Every structure is written in structure tokens, then in C-alpha cells.
**Q** 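I'd like to ask you about the structure that follows.
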Amino acid sequence: MSSFLSSPASSHPLASYGWDTDWQAAFVPYAEQGLLPGRVIRVDRGLCDVVTADGVVRADTEFVVPRDPMKVVCTGDWVAVDPVGGDPRYVRTLLPRRTSFVRSTSSKRSEGQILAANVDHAVIAVSLAAELDLGRIERFLALAWESGAQPVLVLTKADLVPDAVTTAYLLADAEAAAPGVQVLAVSAEQGEGVDVLAAIVGGGTSVLLGQSGAGKSTLANSLLGADVMTVNAVRDVDGKGRHTTTTRNLLVLPGGGVLIDTPGLRGVGLFDAEAGVGQVFAEIEELAEGCRFSDCAHEAEPGCAVGAALADGRLSHRRFDSYRKLLRENRRLAARTDARLRDEMRRVWKARGAQGRAALEAKRGGWPV
Ligand code: GDP
Ligand code: ZN
């Protein structure tokens, strides 16, 4: 235990999984209790696989089940588990997350679901084989910013673009939709740009986002330098010292860094991402600060700086429309969540009222309460 505390984080057996001095500092009280630090590489039905200095252990999350679905243990979490014990062991605590990816579970039930934790880079894959859909790029960017991770925009299948001039134009279009974001063209097929991406994701934890067919699996395989399934099938030591084969949703990349690929992350939608939307359209929010009215809707108000920028072409109509569309969509989702929460509260209070009356009646009747 004390060796974890005295040895530098970089030589810690979990360093390749992202363990650093800050995690080490956060873990001190748990290390003092003799608990083992580990990172969750997979979760399924109340159990999770945790990679520790002693190998992968299976752990039950029973003691850390929260009421808030956003606080459920998920892939990428750093946790404290029992140093020894049965199979499964128990997760004793969850270290506070640096970032978290959340999605709305469906269009009908607007409830957040946590998909991945402690992600540093959100790699958004967009195919150059089809026309660039800047609105879709902006939507993924909003999601990425909202999570707290730094987005990286990867234009995939660059080998399908006929010439370098066209590629340069496409890059410029994408860059205009992604202020503050590194944009690169990659061809996994020809290996072009993969090294640049590998260097970016080399420090920290990444996820791959993007539409189906965008080239995410192909990119993952290039980064892994092997077929994911082969890498997935590494043999782990379970709590009883047996070797087992597990699927991992979190993989260490040979060039450094960690890749998380959980089911669900791929079809992620907007959820409570108003701050993220603001970040994607930073230049619009900046312009809005110059509007005469602080609550300017940028429609036809006098002294509207956004309107002025639209009129003289500094701001494109496409981008302004996309901004409004994403904000509207996000607010609709938020309103639905509020309505659902109200309904739930009503049910809870109704049930409590009934319980209270029953208890009162039981008391009057002399029944033990
Ligand atoms: P995913 O659904 O996002 O995981 O996409 P895939 O990785 O499965 O890729 C979808 C299709 O695009 C597959 O047929 C790949 O072979 C193809 N593809 C992926 N990367 C490249 C590339 O760099 N160049 C070309 N020409 N095709 C690619
Ligand atoms: Zn305005």
C-alpha cells in the first residue's frame, strides 16, 4: 500500500491506464484504508471488471449504487476495491470524475445515461466519402464539449478525395464549424494522418464518436495496430487467480493513451448540452455580448450585434441557423426531462401520503408502526 503512495505515479503499474499524480492524491484516504485503486474497463448488470495493479478483478457495485443514474459506475471510472476477497470483490468508492459522457436514452424517455467517464479527447469521425454535414459536426461537437473532453475532428477516408486542393477546402469548411478544435484529414486505408491522431490521443483517454460508417472501427484498429477483437481477447486474471477471457470496453493503445468504446457511445444524442452548444458557437455568443439588450433574441431587435454580423457576412446564416436549431432541440429535451421529473415527484409524494395514512391508522388501531 505505502509503495503506491511513495512511488511516482508514472512508474505505477496503472500508469498506462491513465493513473497520474492527481488520481494518486485523490486516492490517498482509500490507500490508507488498504483499498486498491483500479479503473473500470467494463460494466454489466451490477458487476464490473476493474484493472488493478494485481490484474483484472471482478467487482460488485452494490455499495456504490446511487439514486442518480448519472452517478452509476461506468467504464473509465477510477474506483477503490477490496485488496483481497472473494469473487466478486466490492467497489468501495468512486473517485470524482473529471469528465463524463451522457446520453439521452431515447426520444421518448428523456433521462440521462452515463456512458463513459474521465475522457480527455473526444475524437469525432466524419467521412469525406459523403458531402460534409456541418450541422451534424456541430451537434457532435456540442456533445463533446458538454462532456468536458477536448474534441478532435477527424475527417476520415481522405484517400477518396480526388485532390489535395479539395481536401484543403473541406478542411477549411470543417474548421469554420469547429472553433478551438484541431481538425485533421486521415486515411486509415493508406495510413495517412494516423500517426498525427495517435500522437494526440497518446496522452490520456479517448472515445470515438460519429455516425455509423464514418470509419470509427477502422480508425480504432489502426490506432490499436491490431484487430480489436484479438486485443479484446487478452487473458486476464480474475479474483480467484484464474485466467479468463473478457471483453474490454477500455483498451490501452500501443502508442500510449487509452481508448474507450462502450456500446451506446456510438449512437449518442444531445442531452442537456446547452453549455456545449455555446462552446461550439463561441463566436456567436461573443457577438451576442455586443447586443444592446442582454436578453436579445437576435431576431429584429435594435442594436443586435448578431444581426449586424449576419448582414455584413461576418457570420454565416447556415451557422446561425444551426446554433438556433441545436439550442431549440436541447431545450425541448430539457423541458421533457423536467416534466418527467415532476411526474415522478408527484408519484413519490402520493405514495408517501398513502404510507403516512396507513401508518397513522395502524397507530390508532394499536398496531406497532
Ligand atoms: P464505423 O461504422 O464508424 O465503425 O465505420 P467502419 O470503420 O466500419 O468503416 C465503414 C466503411 O468505411 C468500411 O467499409 C471501411 O472499409 C471504410 N473505410 C474506413 N476507413 C477508410 C479509409 O480510410 N479509406 C477508405 N477508402 N475506406 C475506409
Ligand atoms: Zn442580438
Side-chain angles (χ1 to χ4, degrees), residues 115 122-133 136-137 139-140 143-144 152-164 166-167 170-171 174 183-198 201 206-232 247 249 251 259-269 277-278 281-312 314-317 319-321 323-324 327-328:
L115 295 169
V123 178
I124 300 164
V126 176
S127 168
L128 286 176
E131 198 181 329
L132 274 188
D133 183 340
R136 181 174 297 130
I137 291 177
R139 162 194 301 269
F140 275 113
L143 250 162
V152 181
L153 184 55
V154 176
L155 307 182
T156 62
K157 313 189 195 181
D159 53 285
L160 298 179
V161 181
D163 59 277
T166 311
T167 307
L170 292 168
L171 274 168
V183 185
L184 58 152
V186 168
S187 166
E189 194 106 308
Q190 300 183 344
E192 241 172 275
V194 175
D195 51 338
V196 181
L197 180 60
V201 302
S206 302
V207 293
L208 282 167
L209 304 175
Q211 261 207 314
S212 168
K216 295 180 297 296
S217 313
T218 312
L219 269 185
N221 285 336
S222 323
L223 288 171
L224 285 160
D227 193 85
V228 182
M229 292 321 290
T230 327
V231 179
N232 253 341
T247 29
N249 293 329
L251 296 156
L259 184 67
I260 293 183
D261 184 13
T262 64
L265 246 183
R266 297 185 164 205
V268 74
V277 174
F281 300 94
E283 85 279 25
I284 300 181
E285 304 238 310
E286 207 168 288
L287 280 170
E289 278 170 26
C291 293
R292 186 177 305 159
F293 305 114
S294 61
D295 63 346
C296 185
H298 322 307
E299 266 151 13
E301 290 90 341
C304 173
V306 174
L310 281 168
D312 67 18
R314 273 174 296 141
L315 174 63
S316 77
H317 283 275
R319 202 154 150 81
F320 182 60
D321 292 346
Y323 170 66
R324 302 241 284 195
L327 274 186
R328 264 201 310 274

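Being a predicted model, the structure only gives us computed values, none of them experimental. In listed order, ligands and their atoms are each counted from 1.
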**Q** Strictly under 4.0 Å, does any heavy atom of G210 approach an atom of ligand 1?
**A** no

**Q** For G215, counting its heavy atoms only, list the atoms of ligand 1 lying under 4.0 Å from any of them.
**A** 1 (P), 3 (O), 5 (O), 6 (P), 7 (O), 9 (O)

**Q** Measure the spacing between CD of Q190 and CG of D159 and express it to the nearest 0.5 Å.
**A** 4.5 Å

**Q** For L219, is at least one N or O under 3.5 Å away from an N or O on ligand 1?
**A** no

**Q** With rounding to the nearest 0.5 angstrom, report the CG to CG distance, L160 to L128.
**A** 8.0 Å

**Q** Can you tell me, to 10 degrees, how wide the angle at the Zn ion (ligand 2) is between SG on C291 and SG on C296?
**A** 110°

**Q** Closest approach of V186 and L219, non-hydrogen atoms and distance?
**A** CG1-CD2, 3.8 Å

**Q** Which is closest to atom 18 (N) of ligand 1 in terms of heavy atoms, K157, K216, E189?
**A** K157

**Q** Please round to the nearest 0.5 Å and tell me the distance separating atom CG of L251 and atom CG of D261.
**A** 8.0 Å

**Q** Could you check whether any side-chain N or O of T156 sits under 3.5 Å from a backbone N or O of V126, counting only pairs where one atom can act as donor and the other as acceptor?
**A** yes

**Q** Are any side-chain N or O atoms of K216 and backbone N or O atoms of G210, one a donor and one an acceptor, separated by less than 3.5 Å?
**A** yes

**Q** For the atom pair CD (E301) and CG (D295), what is the distance rounded to the nearest 0.5 Å?
**A** 8.0 Å

**Q** Compare V194, D159, V126 and give the one whose heavy atom is closest to atom 25 (C) of ligand 1.
**A** D159

**Q** Tell me whether A188 has any N or O atom under 3.5 angstrom from an N or O of ligand 1.
**A** yes

**Q** Residue-level breakdown please: for Q190 versus ligand 1, do any non-hydrogen atoms fall below 4.0 Å on the side chain, on the backbone, on both, or on neither?
**A** neither

**Q** So, is V186 polar-close to ligand 1, with some N/O to N/O distance under 3.5 Å?
**A** no

**Q** After noting the C-alpha distance and the side-chain angles of L171 and L155, does the key distance pass the side chain to side chain contact (heavy atoms under 4.5 Å, CB included) rule?
**A** CA-CA 8 Å; L171 274 168; L155 307 182; 3.8 Å; yes

**Q** What are the atoms of ligand 1, with element, lying closer than 4.0 Å to any heavy atom of T218?
**A** 6 (P), 7 (O), 9 (O), 15 (C), 19 (C), 20 (N)

**Q** Please state which part of L160 comes within less than 4.0 Å of ligand 1, counting heavy atoms only: side chain, backbone, both or neither.
**A** side chain

**Q** Nearest 0.5 Å, what's the CG-CD distance between L170 and E131?
**A** 9.5 Å

**Q** Quick check on contacts: which atoms of ligand 1 are under 4.0 angstrom from a heavy atom of S187?
**A** 23 (O)

**Q** What atoms of ligand 1 come within less than 4.0 Å of a heavy atom belonging to S212?
**A** 2 (O)

**Q** Rounding to 10°, state the angle centred on the Zn ion (ligand 2) that links ND1 in H298 with SG in C304.
**A** 110°

**Q** Report the distance from atom CD1 of I260 to atom CG of L115, rounding to the nearest 0.5 Å.
**A** 10.5 Å

**Q** Find all atoms of ligand 1 within a distance of less than 4.0 Å from any non-hydrogen atom belonging to Q211, and give their numbers and elements.
**A** 3 (O)

